Amino acid sequence: MSIITLTTDFGAADHYVAAMKGVILSINPTAIIVDITHSVPPQDVWAGAFALAGAARYFPPGTVHVAVVDPEVGGERRPIALRARPGSGGLGTATPEDHFFVGPDNGVLSLAAELASPFTAVQLTNRAYWRREVSRTFHGRDIFAPVAAHLSTAGLDANLLAALGEALDPPPARLHWPAVAERDGMLIGEVIYIDRYGNLITNLSKRRVASQPSSVEIAGQRIEGIRQTYADAGRGELLALIGSSGLLEITVRDGSAAQALGAKVGDAVIYRRRAAE
Amino acid sequence: MSIITLTTDFGAADHYVAAMKGVILSINPTAIIVDITHSVPPQDVWAGAFALAGAARYFPPGTVHVAVVDPEVGGERRPIALRARPGSGGLGTATPEDHFFVGPDNGVLSLAAELASPFTAVQLTNRAYWRREVSRTFHGRDIFAPVAAHLSTAGLDANLLAALGEALDPPPARLHWPAVAERDGMLIGEVIYIDRYGNLITNLSKRRVASQPSSVEIAGQRIEGIRQTYADAGRGELLALIGSSGLLEITVRDGSAAQALGAKVGDAVIYRRRAAE
Amino acid sequence: MSIITLTTDFGAADHYVAAMKGVILSINPTAIIVDITHSVPPQDVWAGAFALAGAARYFPPGTVHVAVVDPEVGGERRPIALRARPGSGGLGTATPEDHFFVGPDNGVLSLAAELASPFTAVQLTNRAYWRREVSRTFHGRDIFAPVAAHLSTAGLDANLLAALGEALDPPPARLHWPAVAERDGMLIGEVIYIDRYGNLITNLSKRRVASQPSSVEIAGQRIEGIRQTYADAGRGELLALIGSSGLLEITVRDGSAAQALGAKVGDAVIYRRRAAE
């Protein structure tokens with residue numbers, strides 16, 4: 001009944017992810033291990049944080065989430081574990097739940113763990129919960145995997161977190177959703193993620209772009225109105241809609257908006273509350 | 001003991017598949033989730049149907065198969081669930097079993113579910129088995145995953161299917177295996193799938209190409225005889241054999257037939273019952 | 001509690017891996033199946049052996065490892081199963097454990113199974129443990145998957161291995177770690193694997209390169225000293241360190257050493273026990 005999710009930049013080709021799974025199953029043979037993704041671009045902490053935040057909220061209470069995008073492994077950054085209620089914040093539509101998060105203190109856990117909400121955090125210092133031999137370059141296998149396995153065995157009722165190390169001080173590093181600017185009745189947001197289909201996911205939440213009529217501008221193109229779903233547009237048509245994460249998306253029906261617009265993460269997206277005349 | 005398979009075009013990089021798994025495990029924590037593939041080319045319903053048909057038959061009775069290749073999500077196409085006996089048809093070598101299938105009504109389930117065989121089908125209308133909030137763009141997470149989780153919990157003995165919605169009328173959309181033409185003692189088939197190795201899988205089943213001597217023609221090249229296995233040919237040699245799905249395959253020993261012949265899905269393949277003199 | 005790992009060159013896009021999983025779960029519904037990798041380059045037996053050896057040691061006793069990189073499938077090569085204590089040899093840091101290995105007799109199992117250690121091996125001849133119909137081109141599904149499922153059901157205490165076939169004679173094929181040459185106080189090794197990050201993993205184990213000061217030469221470049229971790233170097237800097245497998249690695253901080261040096265598997269790596277003055 002104990003679920004452990006994994007989010008890394010290790011790729012699917014090498015044996016690193018399997019080594020972590022072997023370590024986990026050696027400690028907790030009944031753990032259910034779920035891959036969120038291992039295709040985070042190498043060292044891209046933001047992309048890892050986004051993937052974890054996008055998926056974590058759908059798991060039941062007690063799930064342990066491990067994220068390893070860790071350019072500073074073996075250096076000064078702290079290994080940490082958190083207990084938090086993800087999903088009440090940035091992405092909008094979530095139900096708060098009681099989850100664990102394990103990984104490096106570089107912000108990769110912070111979007112999912114919603115550090116604005118109440119949380120408990122420890123610095124992992126108790127080597128009794130690590131592998132005996134700890135590599136300086138693979139804390140995923142030697143610290144985070146065994147700690148997660150022990151947390152998943154103990155469950156929500158045990159107070160294992162306190163045994164894993166000392167209270168985290170200063171508090172954990174945080175990433176922040178890019179701010180939305182408001183000016184002259186416009187909302188100015190940006191593209192924060194591009195998915196496999198070439199959909200452009202923005203930081204404009206459905207609560208902010210609910211009013212109609214409206215228009216969206218990106219890369220010099222204006223899109224009138226916000227549709228309900230892809231099928232409301234013709235093939236190849238550019239459209240804006242509220243995506244499955246509760247965020248405004250720019251998309252092309254049966255095509256790639258990223259390709260059609262040459263768009264990339266960080267590009268500005270302007271929402272106007274009324275359609276221009 | 002309850003198995004759920006997933007076939008999608010979501011790719012492995014984004015968090016969409018993990019969101020479905022979180023929803024499933026929140027409803028049925030003992031579900032065993034098996035990925036068939038998430039690398040179906042975006043919106044390619046035929047490729048998704050083929051992958052599901054290729055793998056479904058090897059699973060035990062009671063398995064719930066979810067397929068989400070769904071260009072019309074949120075539009076008029078119906079969400080459906082089927083109970084069927086796959087594998088008695090198109091691909092030839094299967095044992096009939098009692099499986100469930102869940103997904104959009106666009107044919108993606110139809111090759112595996114063998115709709116020529118007896119089946120029960122419902123349109124998913126009972127929102128009690130869905131997530132509370134249903135996105136217009138991600139029925140995989142909000143309708144198909146929870147329905148599959150409930151089916152897997154109930155098992156074969158419960159009559160849960162009837163509770164999920166109304167009898168499907170008109171009947172489900174079907175894809176069809178491309179027909180094989182017969183003319184002047186020749187069979188004219190086509191390439192229906194190209195796998196990772198560049199093997200060209202055709203719609204000519206082993207029952208139809210059993211007689212020897214024979215020859216196979218593709219892309220202007222003639223291959224004499226049908227071999228037993230790759231090792232029967234020299235390195236780099238083009239050969240024809242009956243592949244693991246019971247279908248005629250064109251292949252290159254330790255190489256790629258697709259590359260060597262510049263072949264693609266839909267290319268004609270001619271089987272002659274006697275080798276030309 | 002029974003774990004089966006899979007290492008293949010099937011890729012993640014086709015349905016072949018899922019077919020094996022269906023076969024396994026039909027025989028042992030409680031098997032925990034872990035993918036090591038399915039991205040072994042097609043027919044690259046060495047790369048498959050390396051991936052399996054890299055991950056196998058982290059799994060608990062009784063784990064059954066299946067590897068299918070099998071260019072000679074259906075030909076003369078023997079299907080085999082081994083019981084062995086992996087990890088006491090080539091890669092250095094492992095604890096010996098009692099594992100099973102199943103696959104073709106082409107060496108793909110031999111790096112992980114550490115055939116220098118005591119082992120028992122059988123040629124798989126007893127068709128009672130196979131699928132009823134055996135394709136000449138897919139022993140992964142029809143022989144190795146069902147044999148692994150039966151082994152995982154029986155566990156370490158049963159003597160199932162003996163029932164699977166006859167004692168293997170002659171003994172199994174072996175791959176060998178490339179030898180390290182020693183000359184004029186230098187160690188001459190080579191690159192044996194390149195991972196997703198472009199890290200160059202060599203056959204120089206930490207026991208042999210422990211002395212300091214020292215230098216490493218590759219592709220005409222000299223690297224002074226051996227660092228503890230990536231964070232000890234500046235961004236873009238080339239460095240040498242002992243990687244997580246206990247082997248000397250050449251790496252670029254936040255970059256790709258493979259790209260920076262144009263390096264490939266087999267390239268020479270020279271370790272000098274004293275830094276040149």
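The structure presented is a predicted model; accordingly, all values stated were derived computationally and were not measured. Below, chain A is the first sequence line, B the second, and so on; all start at residue 1.
When the candidates C:A51, C:P60, C:P41, C:S39 are compared by the number of heavy-atom contacts under 4.5 Å with chain A, C:P60 comes out ahead. Contact tally against chain C (heavy-atom pairs below 4.5 Å) for A:V134, A:D9, A:V17, A:I33: the top residue is A:D9.
With a threshold of 4.5 angstrom between heavy atoms, C:I201 approaches chain A through side-chain atoms but not through N, CA, C or O. Heavy-atom distances place the side chain of C:L241, and not its backbone, under 4.5 Å from chain A. Looking at A:H38, only its backbone comes within 4.5 Å of chain C, counting heavy atoms on both sides. For A:S135, the part lying near chain C is the side chain, with the backbone staying farther off; criterion is any non-hydrogen pair under 4.5 Å. For a residue to count as touching a neighbouring chain, one of its non-hydrogen atoms must lie under 4.5 Å from one of that chain's; by this rule A:R141 touches chain C with the side chain only.
Rounding to the nearest 0.5 Å places OG1 of A:T137 at 11.0 Å from CG of C:D232. Considering OG1 of C:T63 and CG of A:L25, their distance stands at 8.0 Å, rounded to 0.5 Å.
Contact annotation: the side chain of C:F50 approaches that of A:H15 to within less than 4.5 Å [non-hydrogen atoms, C-beta and beyond]. With a 4.5 Å cut-off on side-chain heavy atoms, A:F10 and C:R196 do not count as touching. Taking 4.5 Å as the limit, every side-chain heavy atom of C:F59 sits out of range of all side-chain heavy atoms of A:V23. Looking at heavy atoms from C-beta onward, A:Y16 lies in side-chain contact with C:S244 at the 4.5 angstrom threshold.
In this structure, A:E72 and C:A231 approach most closely via the heavy-atom pair OE1-CB, 4.1 Å. When all heavy atoms are compared, the tightest approach of C:T229 to A:V73 is OG1-O, 2.8 Å. Closest heavy-atom contact between C:A55 and A:A19: CB-N, 4.3 Å. The minimum heavy-atom distance between C:T37 and A:A12, with the atom names listed, is OG1-O, 3.2 Å. Contact between C:I32 and A:P29 at its shortest, heavy atoms only, is CD1-O, 3.2 Å.
Looking at A:E133 and C:K206, a side-chain N of the basic residue comes within less than 4.0 Å of a carboxylate O on the acidic one, giving a salt bridge.
Between the side chains of C:Y193 and A:D14, at least one donor N or O lies within less than 3.5 Å of an accepting N or O.
Partners of A:D142 according to the salt bridge (charged side-chain N to carboxylate O under 4.0 Å, His left out) rule, which considers only residues two or more places apart in sequence or in another chain, are A:R131.
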